[in-house]
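Encoded as C-alpha cells, the structure appears first; notes follow it.
To find a chain, count down the sequence lines: A is the first, B the second, and so on, and within it residues start at 1.
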Amino acid sequence: MCLAIPGKVLETYEENGLPMGRIDFSGAQNTACLSYTPEAEVGSWVIVHAGFALQILNEEEAQASLKELTRLAAFMEADAVQEEGGPKS
Amino acid sequence: MSDAANMDGFSCPLPILEHDTVQLAHGAGGSLSADLIDKMIVPRFSNTVLDALEDQAVLTLPAGRVAFSTDTFVVSPLFFPGGDIGDLAINGTVNDVAMSGAEVIALSVGLVLEEGLPMADLHRVLCSMEAAAKKAGVKIVTGDTKVVGKGQGDGIYINTSGIGVVPEGLNLTASALQPGDRIILSGTLADHGMAVMTVREGLSFQSAVESDSAPLNGLVKAVLEACPNVRTFRDPTRGGAATTLNEFAQSSKVGIKLDETVIPVRPDVRGACEILGIDPLYVANEGKLICAVPAGEADAVLAAMQAHEFGADAVVIGEVVAEHPGIVAMRGALGAERIVDRPVGLQLPRIC
Amino acid sequence: MKYLDEYRDPALARRLLDEIQRTATQPWVIMEICGGQTHSILRNGIDQLLPETIELVHGPGCPVCVTPLETIDRALAIAARPEVIFTSFGDMLRVPGTRDDLFRVKSRGGDVRMVYSPLEAVHLARENPQREVVFLAVGFETTAPGNAMAIQQARAEGLENFSEIVSHVLVPPAMEAILSSPTNRVQGFLAAGHVCAIMGWKEYEPIAAKYGVPIVPTGFEPIDILDGILKTVQALEAGDATVHNAYLRAVKEQGNPAARTVVDAIYEVCDRKWRGIGTIPGSGLRIRDELAAFDAEKKFDVGGISTEEPAVCIAGEILQGLKKPDECPAFGKECTPTHPLGATMVSSEGACAAYFRYSRKGLS
C-alpha cells in the first residue's frame, strides 16, 4: 500500500514553517517534509513516502539483521556443502 | 543538443524583431510573417533548397527505396534537462527514418506557435533544432509556421517529417526475428521520460535527470557496416522498451526472453523511478535503439555499438525463443520469470 | 542503492528459500497485507520460488482498491466543479467510479492535477486564493500523517480554500474482519512494514493472541519478504502466535508517535466501508467535526450519490484472500487493466492487475 524509499538527507531547511529536507535517492534529489523525524540531520537516512519522512533508518539494526541473515546463509551453505560430501576444489 | 541554449550571444544571436513575443499576425502571411521567417527561421536552417523559399522542396534522391516518417512533438515543459522540444523534434524523426536502415536525407518542419510565446524561447528552440540537424547531418528543406491564439497551444508544437533512402538489398522488418537471435539495447533505459517527469510541476524534484535525446542514424550505419544481417532496429520511445519488445514478439510470432539483471539504468534515473514507483521498461527513451541480430553476429554488433558515442553502454539483454510466441518474458535476479506486458495508459507516479 | 540493493541479493534469497522449505513441515496459508508486498512478490516471482507448502494470499492493503465507489463518485462530482482544482495522487486518477474516472472529468474541462505530496496541494491553495483546492486523501496509516499535516498546515496558514475528501482506512480492524470470517483460511500475516513504521507493532499483539496467528511486520524488498515468510513459518511451526518484527531498520516498537499525534489532532476513528468487502467498524479515519471547514464532502453538497458494482466482479473475495484473481470468470476477458471492472484491476498494486501483468500463466 505504501511505497516508501530510503534516501539520504543532503540539506535541511524551513519552508512555510515546516522543517524540510533535500533528499538524495541515488543521484535523484527530491524534497521531503521532516516534521515527523525532527532528529533527522544532514547525512541521516530516512524512509520517504508521499513527500514525508516516516522514520530515520536504523543503521545498527540494518547491519545487525543483515549480518544475521548472511550468517544464517553461510551456515546453511556449510550444511549444504556437507550434504554433498564436502567441498570440491 | 543541450548546449544549444548556451550558444545564445555568440554563434546564435537573437535577431532584433519588432515584437518580443509571438503575435497572431506572425502567422497571417503578411509582413510580420515574412519578418519571422526571414530573420528567425531561415538563418537557422539555411541551405540552398530551403533558401529558395518555394512552396515545396525539390530533391534528387539516390537509388533505393524511400523511407518516409512523420512525428509531432508536444512536450511540457518545452525545456528539460538534456534537451528541449527542438532537438527532440529533429532527433525523433531522424531516428524513425534511420531505423529502416535508411540514409536520412531531409526533414520538413511545421511549427505551431502559441500567441505570446517569447521570441527568446522560440529562438532557443530553433537554435537547438539547428544544432541537432547539424549533428545528425540532415538538412531542413521545407517548413511551415502557424500561430494559434493564446491558451490554444502549449507554447510550441512541432511536426517534423523526414525522408531517407534505404540501400538496395536491405529490408529490415520487425517480423523477421528468428529463434536464437540476440536482442541488443544500445544503452541505459528511461533517461528521457524521467527527465521530463522530474521537471513536472507537483513532483518537487530538485535535481536534473538528463534526457538522452540524440540522433541515431550514425549508430545504425555503424551497426549495418559491422553486420548487414541485422533483422530489425526500433527506437523505444513512448511506451518504452517493453512496448518495442512486445511489437517484435508479436510481429515475428516468436517469444523473447530478457535478463533483468543486465538491463542498464543510470543510478539517478533508477532513484527517480523508485521514488515514483515507475518501471524503467515502460519509460520513453529518445536516444536509444533496440535491435535483433543473428546470434553469431551479436559480438560484432556489440563491438560496433560500443565504439560509437551513442552506443557506449550497449548490451545483449535477451534472446528470441520459439516458445510463448507473442510474449516477452523476463528472468529476474532471483531466477523467476515474469511476463513483460505492454503498458496500460500513461505512466503515473504512485504512492502505493 | 543503499538499503535497497543489499535486500535484493539473489544468493541470500536462495538460502532463505531453502530454509523456508526446510522449516515448513506442513502446508501454511500466509497473507501479505500490503499491496506493495503483493507487487514485489509477483514482480520478483517469489510466489513461483516458494515451496508448494507455502501459499501466499493477497490482502486488502491497497487504498486505491478499497476506496468505496461512493467516495470516488463524490470525488468526481467535486472535481467537475468549475471553481475546483482537484488534486490526487497519481494512483487514483484512473480508478473507475460508476460511470467516469478523473481522467475523463479532466478531458471534459475539470482542473484535475496529480501531486506527489499532499503539501503540493496546500501549495496550490496558497497560490490560487480565488480557487477551491480539494485533495483526495486516501491511504492507510502510512499516508495519514502527511494528509493530516496538509490540513494542519492549511489551518495554520489560514487557507480557507483547502479541503480534503478523506477515505482513510486502518489495518488492524481489517485483519480482524478477515480472521473472524467463517471462511477464513489465513494462518499467519506479513504485516505492512510502512504502516508499522508509523504505528509500531504493539497493536498487533492482542490480535495475534486472540486469533492464534503469528504477525510479522515485513519490508518490501525480496530479502525482506523472504525473511518475513521465514519468521512466520518458524512461528507457525512452533505454535507461537505472537508478533515478530522482520523490518527492524524501519519499524520501532513504538512506531512514530510524533506522526500519530498530528493524525489524532486532525482525524478521528470512524466506521468505514471497504470497496468489495463492506463496512468494517472502526476501520477508517474521518476529519474531526471541529475541522469540518476542511471536509470537502461537507463543503460541497455531494450527498445522494448511489452506486452499483458490476455483478461479475469478485474483487471483494479477492481482497479477503478467499479467491485468486484467475479464478474470476471475467479475469483477462471482460476485465483487463485497459477496461477494469473492479479496483483490484486498476491499481498497479491491485492483486488482479499484478496477476495480469506478471503471471506466468500463458507462458506455457
Side-chain angles (χ1 to χ4, degrees), chain A residues 1-8 15-20 23-28 30-40 44-81 83, chain C residues 1-4 6-7 9 11-12 14-16 18-19 22 33-37 61-64 89 115-120 122-123 126 139-143 145-147 149 153 156-157 171 192-195 197-198 220 223 227 230 246-252 255-256 258-259 262 349:
Chain A
M1 57 194 75
C2 310
L3 186 74
I5 299 296
K8 189 177 186 177
E15 191 174 72
N16 302 304
L18 291 175
M20 302 291 291
I23 318 288
D24 177 77
F25 302 89
S26 174
N30 207 333
T31 56
C33 179
L34 301 179
S35 273
Y36 299 134
T37 53
E39 327 82 85
S44 301
W45 283 79
V46 290
I47 184 149
V48 178
H49 167 72
F52 282 80
L54 302 180
Q55 273 291 357
I56 298 177
L57 284 167
N58 187 326
E59 175 72 30
E60 272 169 44
E61 290 285 12
Q63 290 301 337
S65 58
L66 255 187
K67 198 181 272 178
E68 193 197 307
L69 283 175
T70 313
R71 198 173 49 84
L72 178 77
F75 179 67
M76 287 184 286
E77 182 135 35
D79 265 12
V81 167
E83 280 161 26
Chain C
M1 290 173 74
K2 186 170 156 78
Y3 291 114
L4 293 183
E6 315 86 291
Y7 299 92
D9 175 23
L12 191 48
R14 274 191 295 275
R15 293 298 160 200
L16 285 165
D18 287 348
E19 187 63 10
R22 210 161 56 169
I33 289 286
C34 172
Q37 291 165 337
C62 162
V64 176
F89 296 129
V115 293
Y116 169 70
S117 162
L119 292 179
E120 292 286 342
V122 178
H123 173 74
R126 194 183 296 125
F140 281 77
E141 290 92 329
T142 321
T143 319
N147 293 351
M149 180 63 78
Q153 186 65 13
E157 292 187 40
V171 168
H194 294 144
V195 166
I198 298 297
F220 295 79
I223 299 300
D227 185 26
L230 177 58
Y247 198 26
L248 289 162
R249 66 188 182 279
V251 174
K252 297 177 190 158
N256 187 328
V262 175
E349 69 165 20

* To do: For side-chain contact (heavy atoms from CB on, under 4.5 Å), just list the numbers for A/Gln55 and C/Lys252, CA-CA rounded to whole Å, side-chain angles, deciding distance to a tenth of an Å, and then say yes or no.
  => CA-CA 9 Å; A/Gln55 273 291 357; C/Lys252 297 177 190 158; 3.3 Å; yes
* To do: Mind running side-chain contact (heavy atoms from CB on, under 4.5 Å) on A/Glu59 and C/Tyr3 for me, showing each step along the way?
  => CA-CA 9 Å; A/Glu59 175 72 30; C/Tyr3 291 114; 2.3 Å; yes
* side-chain contact (heavy atoms from CB on, under 4.5 Å) between A/Phe52 and C/Leu119: does it pass, once the steps are laid out? -> CA-CA 9 Å; A/Phe52 282 80; C/Leu119 292 179; 3.7 Å; yes
* Asked: Taking it one step at a time, do C/Arg249 and A/Ser65 satisfy side-chain contact (heavy atoms from CB on, under 4.5 Å)?
  -> CA-CA 8 Å; C/Arg249 66 188 182 279; A/Ser65 58; 5.7 Å; no
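If you measure heavy-atom distances from C/Arg14 to chain A, you find no contacts under 4.5 Å at all. The contact between A/Leu18 and chain C is made entirely by side chain atoms (from C-beta outward), counting heavy-atom distances below 4.5 Å.
Nearest heavy atoms, A/Gly51 versus C/Ser117: CA-CB, 3.9 Å. Taking both residues in full, the closest heavy atoms of A/Ser26 and C/Met1 are given as CB-CG, 3.3 Å, listed atom of the first, atom of the second, then distance. Taking each heavy atom of A/Leu66 and C/Glu6 in turn, the nearest pair found is CD1-CB, 3.6 Å. Considering every non-hydrogen atom in both C/His194 and A/Cys2, the closest pair reads ND1-O, 2.8 Å. Smallest separation of non-hydrogen atoms from C/Leu248 and A/Asn58: O-CB, 4.4 Å. The minimum heavy-atom distance between C/Pro118 and A/Ala50, with the atom names listed, is CD-O, 3.4 Å.
Looking at residues two or more places apart in sequence or on another chain, you find no ring pair (Phe, Tyr, Trp, His ring centres under 6.0 Å) involving C/Tyr116. Remark: C/Ala259 pairs with A/Tyr36, C/Pro145, C/Ile198, C/Asn256 by the side-chain contact (heavy atoms from CB on, under 4.5 Å) rule, at least two apart or across chains.
Taking CG of A/Asn16 as the start and CD of C/Gln153 as the end, the distance is 6.0 Å to the nearest 0.5 Å.
With contacts defined as side-chain heavy-atom distances shorter than 4.5 Å, the pair A/Leu69/C/Asp227 qualifies.
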